[in-house]
Amino acid sequence: MSSPAPVFPGDGLFDLQVNGFAGVDFQQDHVSPAALEHALRGLRAHRTSRILYTLITDRIDALCRRLEHVENLRRRSPLARDTIAGYHLEGPWLLPEPGYHGAHDPALMRAPTVADADRLLAASGGHLRLVTLAPELPGAPEVIAHLVSRGVRVAIGHSNASEPDLDRAISAGLSLCTHLGNAVPARLPRHDNILKRLLARDELTAVFIPDGLHLPPSVLRNFVRAKPRDKVLFTTDCMAAAGAPPGRHTLRHVVTEVGPDGVVREPGKPNFAGSSLTLDRAVDNISRFLGWPLDDASAACSVLVASSLGLHPPPVLASHSTEPEPAGFASTASTALRA
Ligand SMILES: [Zn+2]
């Protein structure tokens, strides 16, 4: 029997926004069992033992279909069950205005309803953990309260909510900010803008993407300083390009290109379309950009993520190589990518 591998800061990381990994796009229908396991093994190779499997804006029917499909895969795969702690829905309840919708299709955005929320909850097998929405949309406070009563955390993102909108949403249970500082227009009014409104709200836990690209290091430092220290988390918001060589990948129907600089863009457009960051690299970046000890950087990418979602901490990865192969699942990349 081999002795356990040494534990080092950053083991057992928890990423709350993973749109795809290692060439596998989670936004596609019918991700194959082998493709899913390939992506999850890739995440584990980057010390990420738990994720929220993230789906972006689409029709409610399509989202329900994908949730039911992944739930089926989870039932058949111990690796998927262990790694996928639940789902994060980022859309379709977002602001469809230029500068705010990002890489999401604004034509598919809509106002939230309790009926749609219930359909998505049912399709997720009760494993919906986080919803990102724009709280200024009609009906949002009622849906936020409904989701929170079902144990789902709700984050603001892709939004231009006013102060009264924020008051109502926080009263209803809004608790997080998704990728704060991104999904906003390149030019904003100097003082009265959504970034300043959100940075001033100590009630809300901010989630940042520490790739040095979505937020330059100096901006990240300023934003983190504006928040209570225990209200800061990090995510990669990564897509299929993460853990894969530079090249073309998809995010739903959007073809993206990743250059050697790691920037994910729609060809010909300036805005980012997800990231190629891995969470182990994120821990190093946080330490470098903010001067945080590695243990603190790791905590904001692991145990604090879990506690903010009301979940148990992610397990420590004692070894990446001795995991038993689940029956019926191939793990080679060539098989996996036949999705
Ligand atoms: Zn987003």
Side-chain angles (χ1 to χ4, degrees), residues 15-21 25-27 51-58 62-63 66 87-110 112 120 128-137 140 152-161 169 174-186 188 193-195 197-199 204-211 213-215 219-220 223 233-242 249-254 256 258 262-266 269-277 279 282 305 308-309:
D15 198 339
L16 59 71
Q17 193 162 1
V18 179
N19 307 285
F21 202 85
D25 179 12
F26 291 174
Q27 314 308 312
I51 64 163
L52 293 186
Y53 189 104
T54 302
L55 296 177
I56 68 168
T57 298
D58 210 327
L63 293 171
R66 272 170 222 148
Y87 304 96
H88 176 176
L89 283 182
E90 195 198 25
W93 305 323
L94 307 175
L95 185 64
E97 289 182 10
Y100 293 97
H101 65 68
H104 297 240
D105 183 349
L108 297 177
M109 291 178 180
R110 53 194 291 161
L120 292 160
L128 183 56
R129 302 292 183 206
L130 179 61
V131 169
T132 295
L133 53 70
E136 65 269 42
L137 295 176
V152 181
R153 297 297 193 267
V154 181
I156 179 174
H158 297 263
S159 161
N160 187 21
L174 184 80
S175 58
L176 295 137
C177 303
T178 289
H179 53 51
L180 183 53
N182 296 109
V184 291
L188 290 170
N193 66 58
I194 188 65
L195 304 185
R197 276 173 240 141
L198 291 178
L199 286 169
L204 300 176
T205 295
V207 186
F208 298 108
I209 305 172
D211 60 357
L213 302 165
H214 280 73
L215 299 172
V219 175
L220 181 70
F223 284 5
L233 302 175
F234 299 92
T235 183
T236 63
D237 191 10
C238 65
M239 40 81 73
H249 298 276
T250 63
L251 179 66
R252 195 172 163 271
H253 302 314
V254 176
T256 64
V258 185
V263 177
V264 182
R265 288 194 178 87
E266 291 180 59
K269 294 192 183 172
N271 54 303
F272 298 130
S275 89
S276 62
L277 182 65
L279 206 52
V305 175
S308 297
L309 296 170

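One-based numbering, in listed order, for ligands and for the atoms of each. Only this structure's heavy atoms are used, side chains among them; waters, hydrogens and symmetry mates stay out.
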request  = Output the atom name for the N/O/S atom of His179 with the smallest distance to the Zn ion (ligand 1).
outcome  = NE2
request  = Take Ile209 and Leu215 through the side-chain contact (heavy atoms from CB on, under 4.5 Å) test and state the conclusion after the steps.
outcome  = CA-CA 7 Å; Ile209 305 172; Leu215 299 172; over 6 Å; no
task = Indicate the ring-plane relationship of Tyr53 and Tyr87, choosing parallel, tilted or perpendicular according to the 30° and 60° boundaries.
result = perpendicular
Parallel, tilted or perpendicular: rings of His179 and His158 (30°, 60°) = perpendicular
message = Below 2.8 Å, can you find an N, O or S atom of His104 next to the Zn ion (ligand 1)?
response = no
query = If we only count heavy atoms from C-beta on, is the Phe21 to Thr236 side-chain gap below 4.5 Å?
reply = no
message = Quick check for you: with the Zn ion (ligand 1) as the vertex, what angle do NE2 of His158 and OE2 of Glu90 span, to 10°?
response = 90°
